[in-house]
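Throughout, residue positions are numbered sequentially from 1 according to the sequence presented. What you see is a predicted model; the values in this text were computed from it and never measured.
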Amino acid sequence: MEIGKRIQRLRREKDLTQEQMAAALGVTSAAVSKWETGAAIPDVSMLCPLARMLGTTVDGLLDFRPALEQGEIDALLEDRRKLFEAQKIEEGVASCEALLREYPDDLRLKCAAAGLYVMYMPAILDTDGNKDSMKRVTALLEESRKSGDPLLASSSRSMLVSLYVMQEEPDRALEILDEEPEARMNVRTARANILLRKGDLDEAEKLYQTGLWAAGREVSLNLAGLYNAAYRREDWTRALACADMALAVERTLGTGELGGLSSSLYMLRAEVLRRQGRLDEAMEGLTEYVNRSLEQWARLRGGEEIRSAFFDKLNMRGSGMSTAYLAKYVRAALEENEELAVLREREDFRTLLARLAEAEAQSAG
């Protein structure tokens, strides 16, 4: 605790000597000196009179804050993200949990920490002693979804729905989804129209672009859903058409540059092409998947400004996940995907894995 430094600073601001403060409080000057050097801390019974004398509150004296600002959360979790990147998984989890214990009622922190856990979940689940991590993330989000902040609650619900689906609990996922209020009015577009009328063009364009980005992503996600339905029906022609249409949407809008689904869509195409026996084309799709994944993540991580005709007013922030981490788990996905087992003996497939291993080593170095 920095209480000693605060006592010293406030005492000097009051233009008091250690002896004067000690006499007023009925303690020795040596006791005050120990407080200020951190050799000792005031007794609980001294906190109220000490705070009054220094013109502050006990909370101010102790630097007590019930919750963190968003910028503080981002900075604190960035330090912990670096531990995950360095493969110090257990240390990273322990550090996150210590922070959560320090702010046990901070729902914004719980949601953000859960998001960090989700990002590095494959590595966390691979670590001994962390097999209950999925339950822990779910518990954090179950708490943060009760927030009175509609954006925080919505973000928590969104992650929860995905987690319950992953845990084969579709009914619970539907229950959470039913909590999300359906928009009866497109407030964003209405606001943009008003701002446009007022002549506030920059803000109006930003809102229009945000809506376009969200709509484009929604189209891609729906097409990906139709792809999965067709795939389960073994309707390879329809599945391929859905993947191609989603890619066309992303190319037209340019959302692939801004963290869209393009890289994953190439993986979906490859799986269908493999099913159709078009192995050379499947390999082309996998290569494109790897290329776009590495390029996209390196671009977003590097903070490179991406300007397009449709999204030049938006500031898209990357996750901070390193190329090394991404390359490692993309390589694992290719190696473990049973749909691609027939390709594993091909020279170009092994070359692709080697390239990912090289990207991982170079980035880590």
Side-chain angles (χ1 to χ4, degrees), residues 1-10 13 38 41 47 50-51 54-86 88 91-121 124 133 136-160 163 179-181 187-188 191 202-203 206-207 209-210 213-214 258-259 300-303 305 313-322:
M1 295 178 67
E2 299 292 318
I3 185 173
K5 292 180 181 178
R6 281 191 289 280
I7 292 173
Q8 184 182 70
R9 175 176 57 79
L10 292 169
E13 288 176 0
I41 59 173
L47 291 178
L50 181 57
L54 295 175
T56 185
T57 63
V58 173
D59 284 353
L61 196 62
L62 298 174
D63 193 31
F64 171 76
R65 289 172 293 169
L68 294 162
E69 297 294 330
Q70 186 60 54
E72 294 174 309
I73 292 175
D74 291 343
L76 289 167
L77 290 185
E78 173 62 15
D79 292 338
R80 287 150 179 82
R81 186 194 66 77
K82 290 176 181 176
L83 292 173
F84 289 121
E85 284 285 339
K88 298 178 181 178
E91 185 178 345
V93 170
S95 185
C96 284
E97 291 302 316
L99 183 61
L100 289 165
R101 285 193 297 273
E102 187 174 352
Y103 296 93
D105 294 324
D106 194 325
L107 299 183
R108 191 172 299 279
L109 174 62
K110 289 184 179 184
C111 182
L116 185 65
Y117 282 161
V118 169
M119 186 186 302
Y120 292 97
M121 187 57 70
I124 294 173
S133 295
R136 175 57 173 156
V137 175
T138 302
L140 289 172
L141 291 172
E142 282 285 6
E143 292 184 63
S144 61
R145 77 178 174 86
K146 299 172 185 175
S147 169
D149 180 338
L151 291 178
L152 177 59
S154 180
S155 178
S156 301
R157 284 193 291 264
S158 177
M159 284 193 279
L160 265 177
L163 284 174
E179 294 178 4
E180 190 71 18
V187 176
R188 184 193 295 118
R191 185 183 300 277
D202 285 340
E203 285 303 309
K206 186 175 181 180
L207 289 173
Q209 289 183 9
T210 302
W213 159 255
L258 300 167
L300 291 175
R301 176 173 168 74
E305 285 195 0
K313 295 292 192 298
L314 301 186
N315 179 24
M316 307 298 288
R317 186 176 67 174
S319 68
M321 187 180 290
S322 70

>> Determine whether R101 and E97 satisfy the following criterion, salt bridge (charged side-chain N to carboxylate O under 4.0 Å, His left out), listing intermediate values before the conclusion.
In response: CA-CA 6 Å; R101 285 193 297 273; E97 291 302 316; 5.0 Å; no
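Counting non-hydrogen atoms of other residues, nucleotides and ligands closer than 6.0 Å to CZ of R191 gives a total of 12 or fewer.
Here S155 pairs with nothing under the side chain to side chain donor-acceptor pair (under 3.5 Å) rule; sequence neighbours left out. Residues passing the side chain to side chain donor-acceptor pair (under 3.5 Å) test with E180 are S154, R157, sequence neighbours excluded. Scanning for side chain to side chain contact (heavy atoms under 4.5 Å, CB included) contacts around L76 gives L68, R80, L99, with sequence neighbours left out. Evaluation of the side chain to side chain contact (heavy atoms under 4.5 Å, CB included) rule for T138 yields E142, L160, L163, Y164, Q167 as partners, not counting sequence neighbours. Evaluation of the side chain to side chain donor-acceptor pair (under 3.5 Å) rule for D149 yields R108 as partners, not counting sequence neighbours. For A113, the side chain to side chain contact (heavy atoms under 4.5 Å, CB included) test picks out L100, with sequence neighbours left out.
Rounded to the nearest 0.5 angstrom, Q209 CD and L207 CG are separated by 10.0 Å. A distance of 11.5 Å separates NZ of K146 from OG of S156, quoted to the nearest 0.5 Å. Between L10 atom CG and L50 atom CG the span is 8.5 Å, to the nearest 0.5 Å. In this structure, CG on L77 lies 11.5 Å from CD on E72, to the nearest 0.5 angstrom. E69 contributes atom CD, which lies 9.5 Å from atom CG of D106 (distance to the nearest 0.5 angstrom). Distance check, rounded to the nearest 0.5 Å: SG of C111 to CG of L140 gives 9.5 Å.
Nearest approach of R6 to L61, heavy atoms of both residues: NE-O, 2.7 Å. L152 and S144 make their closest contact through CG-O, 4.2 Å (heavy atoms, listed as atom of the first residue, atom of the second, distance).
Residues Q70 and D74 meet the side-chain proximity criterion, which asks for heavy atoms closer than 4.5 Å. For the pair S95 and L83, the minimum side-chain heavy-atom distance is below 4.5 Å.
Salt-bridge annotation for R81 and E85: present, with a side-chain N of the basic residue lying under 4.0 Å from a carboxylate O of the acidic one.
No donor-acceptor distance shorter than 3.5 angstrom exists from the side chain of K110 to the backbone of D105, with no hydrogens or angles considered.
The aromatic rings of F84 and Y117 stand perpendicular to each other, their planes meeting at an angle above 60°, with 30° marking the opposite boundary.
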